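Since the structure comes first, as structure tokens, the remarks are kept for the end.
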Amino acid sequence: TPPNNSTCTTRHKGGLTVSLSSETIAFLVWRHCEPLGWDCTLRDVADALGVPVGRVLGVAQHRGWLNRFRAGSYKHV
């Protein structure tokens, strides 16, 4: 599990590069998944947020959220 202050660099439209902390990614994961009732896969979330699926997996593990995702979605990461 990455430490809370680890960062992820992602490139968005327009070429802007942003470094995201694990806390930021955790908030973005929660914000994306909560309205969906967590009926999504780790890959769905990673694609929606533009971050590596491994970062979503790491945050989900650290927060104890793996059981919230669609059944079995983390077994194929």
Side-chain angles (χ1 to χ4, degrees):
T1 304
N4 286 341
N5 64 351
S6 65
T7 59
C8 172
T9 302
T10 185
R11 191 168 299 278
H12 294 279
K13 292 178 185 172
L16 177 65
T17 301
V18 179
S19 293
L20 302 175
S21 71
S22 292
E23 289 298 311
T24 301
I25 292 173
F27 171 74
L28 294 173
V29 167
W30 176 85
R31 186 181 72 176
H32 179 79
C33 295
E34 192 67 18
L36 302 173
W38 294 81
D39 184 25
C40 50
T41 66
L42 295 168
R43 172 72 60 200
D44 294 339
V45 176
D47 290 347
L49 300 181
V51 299
V53 70
R55 288 302 307 271
V56 177
L57 174 62
V59 166
Q61 286 173 327
H62 180 74
R63 296 289 181 136
W65 291 346
L66 284 180
N67 64 336
R68 295 184 181 192
F69 289 90
R70 190 176 299 147
S73 73
Y74 60 90
K75 294 177 182 172
H76 304 290
V77 174

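These numbers come from the heavy atoms of this one structure, side chains and all, not from hydrogens, waters or symmetry mates. Bear in mind the structure is a predicted one, so any value in this text is a computation, not a measurement.
Not counting sequence neighbours, the partners of Trp65 by the ring pair (Phe, Tyr, Trp, His ring centres under 6.0 Å) test are Trp38. Among residues two or more places apart in sequence or in another chain, the side chain to side chain donor-acceptor pair (under 3.5 Å) test is passed with Asp39 by Arg70.
Between Leu57 and Leu66, the closest side-chain pair of non-hydrogen atoms falls below 4.5 Å.
Rounded to the nearest 0.5 angstrom, Leu49 CG and Thr24 OG1 are separated by 11.5 Å. Expressed to the nearest 0.5 Å, how far CG of Asn67 lies from CZ of Phe69 amounts to 9.5 Å. Arg55 CZ to Ser21 OG: the interatomic distance, rounded to the nearest 0.5 Å, is 8.0 Å.
Here the closest non-hydrogen pair linking Leu42 and Ala60 is CD2-CB, 4.3 Å. The minimum heavy-atom distance between Ala46 and Pro52, with the atom names listed, is CB-C, 4.1 Å.
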For this session: Could you walk me through whether Val59 and His62 pass the side-chain contact (heavy atoms from CB on, under 4.5 Å) test, one step at a time?
Result: CA-CA 5 Å; Val59 166; His62 180 74; 5.7 Å; no
